[in-house]
Amino acid sequence: MTVLDHRDQADPDLVPGWLPGATAPRTDPAPLLPDAEPLRVLGTPAADKADPGLLRELYRRLVAGRRYNQQATTLTKQGRLAVYPASTGQEACQIAAALALREDDWLFPSYRDTLAVVARGVDPLQALTLLRGNAHTGYDPRATRTAPLCTPLATQVPHAVGLAHAARLAGDDTVALALLGDGGTSEGDFHEGLNFAAVLHAPVVFLVQNNGYAISVPLTRQSAAPTLAHKAVGYGMPGRLVDGNDAAAVHQVLTEAVERARNGGGPTLVEALTYRVEAHTNADDATRYRQADEVAAWQAHDPIRLLADALRERDLLDDQLVAEAAEEAEALAARMRAEFHADPDLDPMSLFAHVYAEPTQQLREQAAQLAAELAAEAEVHTR
Amino acid sequence: MTTVTREQHGLRTGTMAQALNTALRDAMRADASVHVLGEDVGALGGVFRITDGLTAEFGADRCLDTPLAEAGILGTAVGMAMYGLRPVVEMQFDAFAYPALEQLFSHVAKMRNRTAGKLPLPITVRVPYGGGIGGVEHHSDASEAYYAHTPGLHVVTPATVADAYGLLRESIASDDPVVFLEPKRLYWGKSEWDPAAGVEPIGKAVLRRPGTSAVLISYGPSLPVCLEAAEAAKAEGWDLAVLDLRSLVPFDEATACEVVRSLGRAVVVHEATGFGGAGAEIAARLTEKCFHHLAAPVLRVTGFDIPYPPPMLEHHHLPGVDRILDAVARLQWEE
């Protein structure tokens, strides 16, 4: 095997970020062995061949997802959600990826991936309890085969590997899909998870939604790799690069990777190129670290617009679908407003319910203390 | 008249290392969902041979040699447990477990709570811990306080061969995550034990030696030192009781308080550094709950507040008989 050393050419400042409309997706300062090169499907006309039913479903869900992002952000401004990391602009990545899974597959989302969680069938309101602040996880991970939204970056990656490994040992053809961002690829757990996955030949797929920024830090300060998909090569697994704003392309690449894992082909790393149109969260100010024209370029490459164009080209987008999708989205937003404008039912005594299978003596005493405090408070209120 | 051998009674003589190995083997035989994973646990049988023979008997999938990455090992175990397995993770040494602390603190300890009880993680993390074996740096940390400070974890540490077997079996069977701290310097001590006899459950402290003057409260690697000190104390006219906590979480406050109230004098002994250590918590609780029964403040004998020393100096750091007896002498006997 020839090992090519191109380290002298690698200057992180010179690796350009990929922008929509660029003729070449990205320059490649470190050519890889031919059979190891990540497959690029940027610009692949996946939508031309995709099932019309799938495209129409993606359209509906993307429109609803966009509205969900908008409504959740509004609710933070009204103090009704504690925080919301919007995925506006990333709807195609999340929804198309989740739809590539079978019902008995598992999803391991990170905190920005509520739309993927909803696409798994989790109730849209239950998916938000973490961000509303009334419960860490509002849904049953086992029943929905959707792990809790994971906040510590990339720590969910080895979980997906372990679950996929256990499924393979059990003889099940279940696949695990881990979602993370470009910043997460710098974490040690990303490295350890991918290495374990390749060594164990686990049926797992890793989707990096490269949205350009880890809060304020651009990708060029995160990695000097020619693409994040190239990282797959070092682990001995295929890497795939896909336009994350092209829902049909994301669905195609993820479906291939998931089926490959299901059929014993082992793990795949997919990098989806997308953009975080909004700030990191409602508490962030993105104007401090990025230019408006960059945002505008990506807004011109909007996932819903791309999908609508593809649908129109195939004569699949009629007024009825547009109206129905808008109606569904508005109904969802109305449900969110109704639910979240009411105060949630909170049970302070639930604090002690699930620390251990059985509370320790010390926890029982502390629960009694809180119960006494609550009783005293109630007495003051009734007086 | 036929003679019944000790073996027929179920008694056997063995080391703590052998008892732990037997516990793993018996747990894996009893429950196919028990999987062992870690570094060098396969053909080698672990650097301390605790997993000796498990791959040969159960196969490489049940006793898995993993890549060298502790966060990856524990994170993978989390996913395995989510799918219904009962992983037993071996961390090679106390200080080598630190890369896995984020997985332990943020996920293993919290998953039951984060999911309102829907996703408990029955993971046992075995950690050979503590000094006194002549290990060079990073091989001798007494790391129990880090674990005991984290809600959601049980923290168990045996001091006898019988407890090593019984507590490890119970830890593996527990639906909660358990950090199982194995005192390295007790691995090779032999004693007679009966695997079928059973031991007190996790969370129950055991009086290893009754006494009338004062009680030494300890656990794991320092327990034999306390028994030795109690023996030596007889010459000074003190009849010392020795209480083995066996687990820091749950902490058997009821038994500890009962003994302290009856004797009025107590010294907590552990080799971990003292500041913010388990002894501080225990001494504070005993003082809060037993104040009017105390004839003297609850004292602590611990390692110094220093990074673990080089092996040729470690005997100055580890609490020994003399330091324990010095503390006993300070329990205000004249007043």
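Note on naming: letters A, B, ... go to the chains in the order of the sequence lines (proteins, then strands), and numbering restarts at 1 for each one.
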Next item on the list: Compare all side-chain heavy atoms of T360(A) with those of F251(B) and state whether any distance is below 4.5 angstrom.
Entry: no
Do Q361(A) and E253(B) pair up side chain to side chain, a donor and an acceptor below 3.5 Å, judged on atom types alone?
no
Practice item. Any chance you could lay out the side-chain contact (heavy atoms from CB on, under 4.5 Å) test for L163(A) and V78(B), step after step, and finish with the verdict? Key: CA-CA 8 Å; L163(A) 184 129; V78(B) 169; over 6 Å; no
Residues L85(B) and A166(A): closest non-hydrogen pair is CD1-CB, 3.6 Å
- Task: Determine, stepwise, if the pair V355(A) / R112(B) fulfils side-chain contact (heavy atoms from CB on, under 4.5 Å).
- Result: CA-CA 7 Å; V355(A) 184; R112(B) 176 188 287 278; over 6 Å; no
Distance col, row H165(A):NE2 vs T76(B):OG1, nearest 0.5 angstrom, shows 8.0 Å
Cut-off 4.5 Å, heavy atoms of chain A, and the answer for H35(B) is side chain
Is there a side-chain contact (heavy atoms from CB on, under 4.5 Å) between L130(A) and R114(B)? Walk through the geometry before answering.
CA-CA 9 Å; L130(A) 170 77; R114(B) 292 172 67 211; over 6 Å; no
Looking only at A109(B), G75(B), P120(B), the option with the highest number of non-hydrogen pairs under 4.5 Å against chain A is G75(B)
Bottom line for T115(B): the part with an atom under 4.5 Å from chain A's heavy atoms is both
Assert top hit (heavy-atom pairs under 4.5 Å, partner chain B, pool L169(A), L351(A), T151(A)) equals L169(A)
Shortest non-hydrogen pair, E192(A) vs E70(B), comes out as OE1-N, 4.1 Å
The interface call for E187(A) against chain B, heavy-atom contacts under 4.5 Å, is neither
Answer key: most heavy-atom pairs under 4.5 Å with chain B among G193(A), G162(A), A167(A) is G162(A)
Whatever's closer than 4.5 Å to a heavy atom in chain B on L194(A) counts as neither
_Within the 3.5 Å criterion, strictly below it, is a donor on H107(B) or T155(A) matched to an acceptor on the partner's side chain?_
yes
Whatever's closer than 4.5 Å to a heavy atom in chain B on A160(A) counts as neither
Okay, A71(B) and chain A: the region with an atom under 4.5 Å from a heavy atom over there is both
Start with the C-alpha distance between Q103(B) and D189(A), add both sets of side-chain angles, then the distance that settles side-chain contact (heavy atoms from CB on, under 4.5 Å), and finish with yes or no.
CA-CA 9 Å; Q103(B) 285 291 342; D189(A) 280 18; 2.7 Å; yes
Hey, is the main chain of A116(B) close enough, under 3.5 Å, to the side chain of H354(A) for a donor-acceptor pair?
yes
When the 4.5 angstrom heavy-atom criterion is applied to T174(A) and chain B, the contacting part is side chain
Heavy-atom closest pair (P158(A) atom, G72(B) atom, distance to 0.1 Å) is CB-O, 4.2 Å
>> Counting neighbours of CD on E358(A) that are heavy atoms of other residues, nucleotides or ligands and sit closer than 6.0 Å, is the number greater than 12?
In response: no
| query | Can you check whether L64(B) reaches L200(A) side chain to side chain, under 4.5 Å on heavy atoms? | reply | yes
Among P177(B), P250(B), G117(B), the residue with the most heavy-atom pairs under 4.5 Å to chain A is G117(B)
Looking only at heavy atoms, the pair that brings M82(B) and W106(A) closest together is CE-CZ3, 3.7 Å
Distance col, row R145(A):CZ vs Y83(B):OH, nearest 0.5 angstrom, shows 9.5 Å
H138(B), NE2: over 12 other non-hydrogen atoms inside 6.0 angstrom
no
Cut-off 4.5 Å, heavy atoms of chain B, and the answer for A170(A) is side chain
On a heavy-atom basis, the closest approach of L153(B) and Y356(A) is O-OH, 3.0 Å
